[in-house]
Amino acid sequence: MLAGLLFATHEADDRPGTLAATLPFAAATLIEYQARLLLACDAAQIVIVVQRLTPELVGAVARIARRGVAVDTVRSAGEALAKLHPLARIVMLADGLVTTEGVVSALAGEGGDALLVVPGAQASTDFERVGGGSAWAGVARIDARRLGDAAQMPEDYDLQSTLLHAAEQAGARHVTLRLGDMELGHGIERRAAALEDRGRAVLSASMAVRPGWFERLVLRPLAKLAIPPIARRAISTVAVAGAAAAAAVAGVVAMLLDAPATGMMALLLGAMIAEIAGALALFRDEPALMRGSRAAVLVLPAIAALLLGHDVDAQGATTTARLLALGAIAAGGVGERAASAVQRRSWWGTAPAYLAVLALFTLIGWPTLGLGLIASYATVTLAAAVEALRRHA
């Protein structure tokens, strides 16, 4: 059984009275993000060490518990030991730690005590020194017995530091943090402004599900701008998804009222807002909203192509635009499925990219050319994905 041990004891450096663990981070709070990393490793229980329960912390704990995991707050090693299963494998994250799922999962496997470390010369001042000229990088796997060792110490000792040194004295294995993980933002941070910057980077990286040019050039910068204020104002994912739906409905209505340029731009806006809603849902562990948002991102371009094809053919009394739209939808849909099974290339088409191209050509008055281009783009992407699948097999 895997259990997580988190800490919410240190105050933010630049916000007196506010716990660093409850500072906004990646559309939620830092401690919720840490809990999400543990849940991704199949943690069945989370214990949070606290000194005082602030309203922000109580709210964060309640939201973590809604994710279907047992959550307890404790004030001492003895209380933590009483809550945890005696045979539990415990992954401990430092107060204020920002890291990635890959780093946590590497320490969450089977085995004895282990400490994630960096060479002392490369260590941040927030990383506590351990033996061998190394510094603890904020993640540890410890045996439940370490809590028993810590419980024997005076209660005024810092529990996090006590557990760290108990594991070190028990002969914990040192696991060196990779340089690449440091470059991805791994570190301990207790300043609100710096955490917001790190949160932007994490959210930007989360939008790499389809790492195409449109995601890199448009969606990630948009997420960096939009999501931090959404998190600060505690705007719900439902509200953001509702805004995406409103934009999409407005686009459909505009298309039906023979305003294709306005309709296409509104549908593109709806798809981009839906992407943001999906990123929020991912970090807030709202699977239904995440699935709905991702489905909207795929469906809206198809709706746009069909409505545009119908509008163009109705004006010209032809069927060319409809056929191009259907071809684009078929090739794009099969290509999306094929591409999901292999490593994508940055130039491959994605649903939002097709919609962006179509909106641009509609805006400048060449909708049929836009339909032809996305049909060709989707076909080339499909061919490349199939070839990649063949080589992979």
Side-chain angles (χ1 to χ4, degrees), residues 4-38 46-67 71-76 92-100 103-104 123-128 135-139 156-161 164 182 184-206 223-237 239-240 276 279-280 282-285:
L5 184 63
L6 302 178
F7 295 83
T9 57
H10 289 277
E11 287 194 356
D13 292 342
D14 53 356
R15 290 191 184 177
T18 300
L19 293 172
T22 62
L23 289 172
F25 183 84
T29 61
L30 178 55
I31 198 163
E32 288 176 78
Y33 175 71
Q34 292 178 331
R36 176 184 169 275
L37 296 179
L38 292 166
I46 293 176
V47 171
I48 303 173
V49 179
V50 304
Q51 289 180 346
R52 58 191 177 91
L53 285 171
T54 65
E56 295 83 3
L57 182 57
V58 170
V61 170
R63 289 189 293 273
I64 295 170
R66 286 202 295 267
R67 298 170 183 176
V71 184
D72 295 288
T73 57
V74 300
R75 297 177 184 271
S76 67
M92 180 174 79
L93 303 186
D95 197 344
L97 178 71
V98 177
T99 189
T100 64
V103 171
V104 176
S124 159
T125 56
D126 294 313
F127 288 169
E128 190 166 352
W136 182 49
V139 186
D156 58 349
Y157 275 46
D158 179 85
L159 180 54
Q160 178 179 291
S161 180
L164 170 63
M182 289 288 286
L184 289 174
H186 180 101
I188 292 174
E189 186 58 72
R190 300 192 181 106
R191 294 171 298 152
L195 261 180
E196 186 168 294
D197 289 339
R198 287 178 185 259
R200 286 195 187 101
V202 167
L203 285 163
S204 176
S206 77
K224 286 183 178 182
L225 289 173
I227 292 182
I230 289 173
R232 282 197 302 268
R233 293 171 174 80
I235 298 173
S236 70
T237 312
V240 179
I276 291 174
L280 288 169
L282 171 66
F283 281 91
R284 290 171 173 173
D285 282 332

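All of these numbers come straight from a predicted model, not from anything done at the bench. Computed over heavy atoms, backbone and side chain alike; hydrogens, waters and symmetry mates excluded. All residue numbers in this chain count up from 1 along the given sequence.
Within the 4.5 Å cutoff, no side-chain heavy atoms of T18 are placed close to those of T54. Between L19 and R52, some side-chain heavy-atom pair lies under the 4.5 Å cut-off. Residues M92 and V139 fail the side-chain proximity criterion, which asks for heavy atoms closer than 4.5 Å. Under the 4.5 Å side-chain criterion, counting only non-hydrogen atoms from C-beta, L159 is not in contact with T9. Side-chain contact check for L97 versus H186: some heavy-atom pair is nearer than 4.5 Å. No side-chain heavy atom of E56 sits under 4.5 Å from any side-chain heavy atom of T29.
Nearest heavy-atom pair, I188 versus A94, reported as atom, atom and distance to 0.1 Å: CD1-CB, 4.0 Å. Smallest separation of non-hydrogen atoms from A12 and L23: CB-CD1, 3.7 Å. A35 and I46 make their closest contact through CB-CD1, 3.7 Å (heavy atoms, listed as atom of the first residue, atom of the second, distance).
The local environment of CZ in R191 is sparse, with at most 12 non-hydrogen atoms from other residues, nucleotides or ligands closer than 6.0 Å. In this structure, R67 places its CZ atom where more than 12 heavy-atom neighbours from other residues, nucleotides or ligands lie under 6.0 Å away.
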Open item on the list: Let's go through E128 and S161 carefully: what are the C-alpha distance in whole Å and the side-chain angles of both, what is the deciding distance for side-chain hydrogen bond (donor to acceptor under 3.5 Å, both in side chains) to 0.1 Å, and is it a yes or a no?
Closed with: CA-CA 8 Å; E128 190 166 352; S161 180; 2.6 Å; yes
